[in-house]
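Notes for the one structure printed next.
No experiment lies behind these values; they were computed from the predicted model shown. Just so it is clear, the values below take in all heavy atoms, side chains as well, and ignore hydrogens, waters and symmetry mates.
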Amino acid sequence: MIHHQLDAGPKTCHWGFFDAALPPVLTIASGDSVTIRTINGGTGEQPKSGFHVLPETHEIHAKVERPMPGHILTGPVAVRGARPGHVLEVRIREVKLRTDWGYTFIRPLAGTLPEEFDTYKLVHIGLDAERNLAHLPWGMELPLAPFFGVMGVAPPAHWGRQSSLVPRAFGGNLDNKELGPGSTLYLPVFVEGGLFSCGDGHGAQGDGEVCVTAIETALEGTFEFILREDLSFTTPRAETPTHHITMGIDPDLDICAQKALREMIVLICERTKLTREEAYMLCSLAADLRVTQTVNGSKGVHCMLAKSLVA
């Protein structure tokens with residue numbers, strides 16, 4: 001098992017999309033780990049002074065094509081032997097800040113209350129890695145809990161180029177704050193190699209991400225990639241040290257909840273001898289449906305069930 005490092009730069013970043021036609025910038029074996037560095041924000045989000053802007057940011061902005069709105073992603077990473085129908089197990093070992101600032105903005109006619117907040121407003125937020133705190137411009141301090149808002153593999157080739165803004169079966173802009181260090185994300189593989197990319201670093205986020213942005217910042221993540229030929233999922237799943245997580249993605253929040261719940265019923269039946277009816281009742285007694293995000297075109301709901309209840 002080998003550890004690799006993948007830095008952010010014009011040759012390793014793509015802007016705004018996932019695409020099966022994108023060649024890998026790194027190819028690894030199952031069981032290898034990779035430390036991936038990312039940047040965040042376009043030219044308009046960078047602070048003019050007072051903070052450290054990563055030097056590679058300017059070169060990426062100048063040289064990386066931006067065919068559609070979306071996130072700056074580092075990758076893709078191919079895993080040898082990954083084939084359609086497999087599952088890529090992504091163990092998130094570590095997530096660290098790369099800089100001392102982040103930003104949050106309100107974009108007109110976007111977010112959860114689009115008509116009520118129709119003026120663009122951007123704020124920069126100081127990040128204190130030593131104290132693990134964000135210093136909000138109105139005087140409050142907020143604990144940091146960094147994670148990657150976007151983690152995904154390539155979509156099926158016949159889907160063509162897909163925006164990084166909208167989460168789909170391949171993952172992407174999940175914006176699930178449970179996916180921090182110690183968690184594991186399971187992604188269905190649609191193309192050879194899987195082709196994993198990540199970005200959209202968040203210093204902290206509330207469930208919902210209601211104004212469109214979290215604390216957007218540059219992160220470094222260490223991931224271990226395991227090819228799972230024994231699993232077969234059609235949508236992302238995840239787990240933390242204490243909980244199983246299933247996900248529902250759809251423009252309709254009610255359908256999101258139904259999808260996440262159905263997946264949890266399937267998970268329970270996979271791991272126990274309970275009937276579907278018993279699993280449904282267990283979910284009503286012990287599972288938590290949480291709104292992941294309400295702002296990405298397709299919304300998200302995730303269902304969490306304590307591992308202590310199922311094997």
Side-chain angles (χ1 to χ4, degrees), residues 86-93 95 112 143 145-153 166-189 200 202 204-210 214 223-224 226 228 230-311:
H86 294 164
V87 168
L88 187 61
E89 178 180 335
V90 183
R91 299 177 181 175
I92 303 165
R93 296 303 193 192
V95 181
T112 309
F147 72 99
F148 289 92
V150 175
M151 294 180 284
V153 293
V166 182
R168 297 192 185 277
F170 56 84
N173 197 19
L174 297 171
D175 284 332
N176 189 326
K177 72 176 187 178
E178 302 295 336
L179 301 181
S183 66
T184 300
L185 176 63
Y186 297 90
L187 295 166
V189 173
D200 188 30
H202 291 174
Q205 179 200 294
D207 281 335
E209 199 189 22
V210 295
F223 307 88
E224 182 180 352
I226 309 292
R228 299 294 301 269
D230 58 321
L231 299 178
S232 181
F233 302 153
T234 58
T235 191
R237 289 187 186 179
E239 61 181 80
T240 70
T242 58
H243 285 76
H244 294 293
I245 303 174
T246 55
M247 305 183 199
I249 300 168
D250 192 87
D252 186 312
L253 209 55
D254 287 340
I255 295 177
C256 290
Q258 292 169 359
K259 287 183 174 181
L261 177 59
R262 286 194 189 100
E263 283 294 309
M264 184 57 75
I265 291 170
V266 170
L267 184 151
I268 292 169
C269 291
E270 289 171 349
R271 292 174 172 271
T272 70
K273 296 181 179 179
L274 271 63
T275 65
R276 289 190 75 251
E277 291 78 9
E278 291 167 337
Y280 186 29
M281 288 188 281
L282 176 61
C283 286
S284 194
L285 302 177
D288 294 314
L289 285 172
R290 296 181 178 171
V291 175
T292 320
Q293 53 76 26
T294 57
V295 295
N296 292 338
S298 285
K299 300 178 177 67
V301 168
H302 56 283
C303 185
M304 300 187 66
L305 183 71
K307 287 182 174 179
S308 59
L309 295 172
V310 295

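Side chains of Met247 and Val301 form no contact here, defined as non-hydrogen atoms less than 4.5 Å apart. Ile268 places a side-chain heavy atom less than 4.5 Å from the side chain of Cys283. For the pair Asn296/Asp175, a side-chain contact is recorded, criterion being any heavy-atom separation below 4.5 Å from C-beta on. Put simply, the side chain of Glu178 reaches to within 4.5 Å of the side chain of His302, judged on heavy atoms. Phe147 has its side chain out of reach of Val95: every pair of non-hydrogen atoms, C-beta onward, lies at least 4.5 Å apart. Side-chain contact check for Leu187 versus Val87: every heavy-atom pair is 4.5 Å or farther apart. Using a 4.5 Å heavy-atom cutoff, the side chains of Val150 and Leu174 are not in contact. Within the 4.5 Å cutoff, the side chain of Arg262 has no heavy atoms near those of the Ile265 side chain.
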Residue pair Arg276, Glu278: steps toward the salt bridge (charged side-chain N to carboxylate O under 4.0 Å, His left out) verdict: CA-CA 5 Å; Arg276 289 190 75 251; Glu278 291 167 337; over 6 Å; no
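Between the OG1 atom in Thr184 and the CD atom in Glu89 there is a gap of 5.5 Å [rounded to 0.5 Å]. Atoms CZ and CD, from Arg91 and Glu224 in turn, are 5.0 Å apart once rounded to the nearest 0.5 Å.
Listed here is the closest heavy atom pair of Asp207 and Val291: CB-O, 3.2 Å. Residues Pro236 and Leu185 come closest through the heavy atom pair CB-CD1, 4.3 Å. Shown here for Ala287 and Cys303, the closest heavy-atom pair between the two residues is CB-SG, 3.7 Å.
The stretch residues 166-186 participates, sequence neighbours left out, in these ring-ring contact (aromatic ring centres under 6.0 Å, His included) pairs: Phe18-Phe170. Applying the salt bridge (Lys or Arg N to Asp or Glu O under 4.0 Å) test to residues at least two apart or on different chains, the pairs with a partner in residues 239-252 are Glu239-Lys307, Asp250-Lys259.
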